[in-house]
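In what follows, a single structure is set out as structure tokens and then discussed.
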Amino acid sequence: ETVWTELNQVTPALQGKNITVRGFVQTIRVVGKGVFCLLRSKMSTLQVVCFEGKSCSSAMIKYIGALPAESVVDVTGVVSCPETPIEAATQSLVELQVTSFHAVVKSQAALPFQMEDACQKVVDREADVGEYFEDAPEEVARGGVGRHLRLDYRWLDLRTPANQAIFRIESMVGQLFREYLVSQNFVEIHTPKIIGGASEGGSDVFTLDYFGRPACLAMSPQLHKQMTAACSGFERVFESGPVFRAEDSNTRRHLCEFTGLDLEMAIQEHYDEVLQVLCDLFVYIFDGINERCAVELERVREQYPFQNMKYLNPVLKLTYAEGCQLLRDAGIAQDDYEDLSTEHEKKLGDIVLQKYGTEFYFMDKYPLSVRPFYTMPDAENPKLSNSYDFFMRGQEILSGAQRIHEPNLLEERATAHGIDSKDIESYLQSFRHGAFPHGGGGIGLERVVMLFLNLPNIRQTSWFPRTPNRLAP
Ligand code: AMO
């Protein structure tokens, strides 16, 4: 009888048991009359050994020795605990003494890179950026502008235990996001991604032909999340879906397609109600990853060592003006009414960490002039707005605001931003039939995971990154 066992379940507790496992063959090493084989499945590896003798013929050893790396194999054998692990690299306390070895599907093509190399522990975080950064000088040097081997063969790259862990953590962030909001009576929505105009305004929009009419890929679910929450009476909504940005720039934190975790809610008295939900949501997500993803975090750490992100509950709140003052106190010129550059955001992150001991915080009351047209102006200071950004390790991960629910003001602000009201006609109209005061925010999923794990490049947290130079796989 075959006892199928997951690789991560093969522990010393199974010593002496006869089991069968399935996995990829990572490495094969023939040594004298035996063969060592490192098997890999999901986040685990297992050393498999086969020596000529009772249960292993020399033909079998030859067969195993000739298998191409990354073939999928079924191995049956007896679990044993060697005194000293033979293959120190695996740091494994168990191995499998083979009784039967069967290739399910042989790998046919030569590997473009060695899986062991793809699993290499990163010592120099910056050098590793080159690994994933499409315009890295070494890539250009070998004539591969805008191409990267690991990303070209992403299906192989995703097999490494660290990548298996990263995307399991990313999946958990999505689950925690949904779990928390459902517990707070939010309704999940699915809004169209093909729309008539640019949802955020501006030019970073992909256009397409819609049966002869011009259309756009949604830059966010902004307009429809407002319509459902405020104008259709759902009051509390959220969405997890693709967001498209035609930003023709190669940076470590921008993608042309990313996953937006968006929410929108009606407010009773003050948009602080939204900020409270956002703070509780993030703490729920961070606590949740730490509690439920211990193995995954360990796997990431083995390849990409990182310090846990420091966060406080209650979450640190600053006003934009306070943030600018902190920068000025550190000798950095920053005007209260001008936008923060990425560089200044990072510096502020360092200052806040020093002063308050947290790498997670938000800033409220941004200047109105740097925010999208739908942002509610501050009733007390018309140069400010009821809007906020959240930061992890000095980088923005959420942007949000109270929104304008008064249709005339909304139209006036759109026009002031150079948006043709014809392009957003139904959105504007939806506010003319009564609407709740409301606010919300949008989170970039890939950024949250990248920064929680302190990974250097957003390509590492996108399953199949879309950047200006990349459309495949
Ligand atoms: P914003 O444009 O700031 O706001 O986007 C919200 C969050 O999405 C992430 N993000 C990105 N991630 C990867 N690649 C990109 N090119 C990229 N651009 C943005 C960031 C950012 O904080 N409608 C508003 C949200 C709202 O007000 O509710 C919006 O889209 O983490």
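Computed over heavy atoms, backbone and side chain alike; hydrogens, waters and symmetry mates excluded. When a ligand or atom number is given, it counts from 1 through the structure's own listing order. None of these values were measured; they are calculated from a predicted model.
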Exercise for review: Measure from NZ or CZ of R413 to the centre of the six-membered ring of Y374, then state whether that distance is under 6.0 Å and the direction lies within 45° of the axis.
Suggested key: no
Exercise for review: Give the residue and atom name of whichever protein heavy atom lies nearest to atom 6 (C) of ligand 1, and the separation in Å to one decimal.
Suggested key: G442 O, 3.4 Å
**Study point:** Interfacing atoms of ligand 1 (cut-off 4.0 Å, heavy-atom, I397)
**Key:** 22 (O), 31 (O)
Check your understanding: Got the closest protein heavy atom to atom 19 (C) of ligand 1, with its distance?
Key -> F258 CZ, 3.5 Å
Exercise for review: Look at K365 together with E322 and state whether they make a salt bridge at an N to O cut-off of under 4.0 Å.
Suggested key: no
Check your understanding: Considering only heavy atoms from C-beta outward, does the side chain of I169 approach that of T461 to under 4.5 Å?
Key -> no
Study note, to complete from the structure: So the atoms of ligand 1 within less than 4.0 Å of a heavy atom of K225 turn out to be 26 (C), 28 (O)
**Study point:** Heavy atom of Y374, distance to ligand 1 below 4.0 Å
**Key:** yes
Exercise for review: Please state which part of R447 comes within less than 4.0 Å of ligand 1, counting heavy atoms only: side chain, backbone, both or neither.
Suggested key: side chain
Exercise for review: With heavy atoms only and a cut-off of under 4.0 Å, state how F391 meets ligand 1: side chain, backbone, both or neither.
Suggested key: neither
**Study point:** Which residue and heavy atom of the protein sit nearest atom 27 (O) of ligand 1, plus the separation
**Key:** R403 NH1, 2.8 Å
Review point. Polar-atom distance check: E396 versus ligand 1, any N or O pair below 3.5 Å?
Key: yes
Exercise for review: Do me a favour and list the nearest non-hydrogen protein atom to atom 4 (O) of ligand 1 with residue, atom name and distance?
Suggested key: S399 CB, 3.7 Å
Exercise for review: Could you tell me the residue and atom name of the protein heavy atom closest to atom 30 (O) of ligand 1, and the distance to it rounded to 0.1 Å?
Suggested key: R245 NH2, 2.9 Å
Exercise for review: Check V448 against ligand 1 and report side chain, backbone, both or neither, counting heavy atoms closer than 4.0 Å.
Suggested key: neither
Point to revise | Lys/Arg N to Asp/Glu carboxylate O, D157 vs R154, below 4.0 Å | key: yes
